[in-house]
Number of protein chains: 4
Amino acid sequence: MKIKNIAILTSGGDAPGMNSAIYGAFCECQKNDLKIFGIFNGYDGLIDNNFIELNYSFLSGRINRGGSILRCGRSKRFLKSNHFKLAITNLKNNKIDALIIIGGDGSLKGAMKLRDNGINVICLPGTIDNDLNFTYTIGFDTATNNIVNSIDNICDSLSAFNYGAIIKIMGNKCTDLIDTVGKAINTDLLIKSNDFNITNLAKSIKSNNDGNHLPPIVLVLENSANIENLCEILQEKCKIQFRPHILGYIQRGGTPSAFDRRYGISAGKLAIQSILDKKFNCAIGFDNNSLVSKSIENCFKF
Amino acid sequence: MKIKNIAILTSGGDAPGMNSAIYGAFCECQKNDLKIFGIFNGYDGLIDNNFIELNYSFLSGRINRGGSILRCGRSKRFLKSNHFKLAITNLKNNKIDALIIIGGDGSLKGAMKLRDNGINVICLPGTIDNDLNFTYTIGFDTATNNIVNSIDNICDSLSAFNYGAIIKIMGNKCTDLIDTVGKAINTDLLIKSNDFNITNLAKSIKSNNDGNHLPPIVLVLENSANIENLCEILQEKCKIQFRPHILGYIQRGGTPSAFDRRYGISAGKLAIQSILDKKFNCAIGFDNNSLVSKSIENCFKF
Amino acid sequence: MKIKNIAILTSGGDAPGMNSAIYGAFCECQKNDLKIFGIFNGYDGLIDNNFIELNYSFLSGRINRGGSILRCGRSKRFLKSNHFKLAITNLKNNKIDALIIIGGDGSLKGAMKLRDNGINVICLPGTIDNDLNFTYTIGFDTATNNIVNSIDNICDSLSAFNYGAIIKIMGNKCTDLIDTVGKAINTDLLIKSNDFNITNLAKSIKSNNDGNHLPPIVLVLENSANIENLCEILQEKCKIQFRPHILGYIQRGGTPSAFDRRYGISAGKLAIQSILDKKFNCAIGFDNNSLVSKSIENCFKF
Amino acid sequence: MKIKNIAILTSGGDAPGMNSAIYGAFCECQKNDLKIFGIFNGYDGLIDNNFIELNYSFLSGRINRGGSILRCGRSKRFLKSNHFKLAITNLKNNKIDALIIIGGDGSLKGAMKLRDNGINVICLPGTIDNDLNFTYTIGFDTATNNIVNSIDNICDSLSAFNYGAIIKIMGNKCTDLIDTVGKAINTDLLIKSNDFNITNLAKSIKSNNDGNHLPPIVLVLENSANIENLCEILQEKCKIQFRPHILGYIQRGGTPSAFDRRYGISAGKLAIQSILDKKFNCAIGFDNNSLVSKSIENCFKF
């Protein structure tokens, strides 16, 4: 079999650097005279046969932006056997020799299902949650910068007022984002589950509120607490005003960091090389300080 | 009377460019051999005699940051006659010939009270709310940039998902910030009071959701709605997922824009010149495209 | 005559906010059922008949970026009568009822020539140089922010070292950019022409180098001096190390500020309204604090 | 010996994250009831006995900025034996039990000399050049982001014009910065020494200039070429306009990235723990994905 046609999709939540990975794969395809097709809307695009041949003019001016130019999404239909079969059929009808899937935990599970049905897949870890078994996933570094930059702004007002802030942080069930940001801003006031001790938290805040510390910043993992209520409770317990912040998609968007661009581009290129070498059904990502290839099964943290 | 000692304070909410104004005043004092004292914590610092003589080493490395190096605050004590008298006494004991007050609506009311009790005051409009009768207040331009930059990040994810966003915007009772940002991102989905028509809003969102428009972004003035509830209602009515965002102090912090620096520095300098000219009891700010001086009474919008 | 088809081009140097203007015009056309065509590469695209009908998918994800999605350029061919005639013919063959031209000084001169040959034109001032007779041109505000942000970075190192910096600033023959940045960073060390007095400059630098001032920053208008040589001369004269910086297109790119977006979008919309009102052959821009329409002749500063 | 007094200095070129490291060390000292003294101006401050006891108010509002609040510098006097002896004497007179030195290649050589004269030293790798034998030095990650962000701006104009850019990159003799940025922006047009082949470079540029590639960006390591001359040569050879950019200290300043903050804070804390454990005369930095301690001798790349 000679490799001729490759397809690529982004699935799950978008992550900055996904476009870099698409661009890296595109460049390597150009170099090796391969066609590469983008599939829109993640697995839904497979079902709907929503393919576009990638070319320079489609990519131009968008590759250094956050989000995904192929759009993302979680597909409920993909879990149903009739739609799944349609996806397989579309890949075959389009003569796709290998499919690159960029996404997180859930997306890789979909990739395994395709693999088990005879599709050649290569996975790239793309999610700000870092919920896969690589040192970093594409997008994680940018997300930490986005959050820290937002907190810089917040601190300007906190310092002017001696107020505190409560900030909701993404990550789903993975605590890497909240832990890493906590270290970068030097706070250990972290709430990572519903099951936290408000009395200890208040005590810890009060003990540091001696004019010799930065204003208290409490980071709350999404789904762990209603932060507007929490503001009121802490205000009463600590006699400090707290302000709620929901960063939402501020965390996830924006231009990717240098690290995530380099990661995305080089992983995208390596994915194509792996395909040309007929090394399929693996995931390529950063461990320690280099790109490695491992089995998809070995990628799951949870 | 020869002018020798000047004092300066920042009051109300902090605003980016306040430090530029302090720096401008400081530079002009240096040039004219005047002493200038910073008062911490707004009017509370007057009561507590919390003065510091400004010098280069105190200002160094901080003047191009948001917030206020003199800290801000709303003083309840200042409204009581015994504390107010103490404030007057402290100004006299420190031989302050004129006091520069940087703040918004409430701060200028305090300034009038001081003026009516024989203190020479000069006001500079410093608030992101733009709730004074100048074309712009110091900090407003930076706040619009902060919000628009945050929305850029948010849009990356919205576009990847075809979701909508609901974003809470500061401004207190003044709609300048929400109106201006609305124009900059080209949305007319604005909620500016409790009294809004949810049915019309939903209709307007649905009519634009034809794949030929940007994702819907609803801006909500603070105190107008619970945005998490609103997300749920719009989701049901429009069949589009909405995500809530509380930008909070992200809006107010960060390094001031070039405009706010130029504004702050030149207004700070002009305040000192006005004092040297014995033109007291006025407010200096931008109208149209130049700095003007007007009576404090003429500054109120509400 | 019923207006049906509009064309738009960006000419001269690109400026952040040009895309906002294109987007504003596009939205207003959508609302009024008009077709709008983008012309690539400025006046060259007129000659080469390089038209594209604008639609949402072409604009998506690019409108909040700097540069111009229609590309820019200065056309030498446009000055020759055979090419100029071809441009006119192409406009007529494409049944263009009115042409919107976004650009600076030189671009508006081209617009007058088209107008004098029977083409309906509307001009929008788009240039970071601010070299037209409006309070602001589209892009100027963003450029001042770009420069000031770069200087913030530079100052971190200068402060750590007590070095000075020499920074080359764009503006062509217009000094608005260098003057405005000078005020925003509070330096009066400006070189605006070849004819400057190095001895006075050195004296001024030395007199402020007493440890009570920020590090010296010399701003040099492009074409006024070789800044690498200047560094050496000042180093010798002042006994302070100076570092040269050529900001180049850093000044001109990047996402537009809130002000330039609002300006671009609203000017683009107003251009369409003006066309629908059959008010042609004018320029629309910001004077003081509102959009005004004036004759093209009245736009030139030089 | 019970550890009581610690000193810290930053030497060589400043790097973003140096302040984070100072802050991390300060926090850990607070926790362990140690005094920590900052020494200004690198090794010169040792000679001049320029010590300050660090406290919260000195650090406040400055720790998340680039540069160094203790200032940096290369000391020629430190190489002379009389001044070196004075440095030793000052450390002893101030009863300093251990000295933390944050800097690059040259700074660590100074540290070894102090160590060989009986001073307990701990080194932290702080330099944007990455010229030490760790995976990353403090400041390197931020510098890559600064450069990539600047290039984003530059690309907006390049794309609008089909011009190329030549950009001078720091790094001294170390190519890590230029190589890493090259990968992040996907260019292999790198000039890393005086000895490069201009004909091959021009050929490579021309072969990619087919309208199907991004505009050509040539990165030039400092001291490798006069970039203004190079622009002219390439213009002639490639028939593409090139614009020169000297980023200078834009690369080195600015707020540190989340990574560099986390690195700085945790390395600063670990330095104090190492001192408390009486593990002196080592360097602490990131290898792969964790902080390690190694002998100073093992830190040199060149």
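Quick caveat: nothing in here was measured; it's all calculated off a predicted structure. Chain naming here is simple, since letters A, B, ... match the order of the sequence lines and numbering starts at 1 in each.
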Quick check on A:Leu59 against chain D: is it the side chain, the backbone, both or neither that has a heavy atom closer than 4.5 Å?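 A:Leu59 has no heavy atom closer than 4.5 Å to chain D.
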Using non-hydrogen atoms and a 4.5 Å limit, figure out which bit of A:Tyr23 sits close to chain D: side chain, backbone, both or neither.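 For A:Tyr23, the contact with chain D is made by the side chain alone.
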Counting N and O atoms only, with roles assigned by atom type, does the side chain of D:Asn289 sit under 3.5 Å from a partner on the main chain of A:Asn288, one being a donor and the other an acceptor?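 Not a single qualifying donor-acceptor pair exists.
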Region of D:Ser60 in contact with chain A, defined by heavy-atom distances below 4.5 Å: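 Neither part.
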Relative to chain D, which of A:Ser257, A:Ser290, A:Ala258, A:Gly24 shows the most heavy atom pairs under 4.5 Å?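 Heavy-atom pairs under 4.5 Å are most numerous for A:Ala258.
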Heavy-atom pairs under 4.5 Å with chain D, option from A:Asn146, A:Ile63, A:Ile265, A:Ile147 with the top count: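 Most pairs with chain D among the choices: A:Ile265.
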Using a heavy-atom cutoff of under 4.5 Å, enumerate the residues of residues 178-186 of chain A that contact chain D, numbered in order, or state 'none'.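 The list, in residue order, reads A:Thr180, A:Lys183, A:Ala184, A:Asn186.
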Give the interface residues of residues 150-164 of chain A toward chain D, defined by a heavy-atom separation under 4.5 Å.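 The list, in residue order, reads A:Asp152.
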Mark yes when over 12 heavy atoms from residues, nucleotides or ligands other than [X] sit less than 6.0 Å from its [atom1]; otherwise mark no.
| X | atom1 | answer |
| --- | --- | --- |
| D:Lys203 | NZ | no |
| A:Lys4 | NZ | no |
| D:Lys35 | NZ | no |

Report the option among D:Phe259, D:Tyr136, D:Tyr263 that has the most heavy-atom pairs separated by less than 4.5 Å from atoms of chain A.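 Most heavy-atom pairs under 4.5 Å with chain A: D:Tyr136.
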To the nearest 0.5 Å, tell me how far D:Asp260 CG sits from A:Asn145 CG.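 Answer for the CG-CG pair, D:Asp260 versus A:Asn145, is 9.0 Å.
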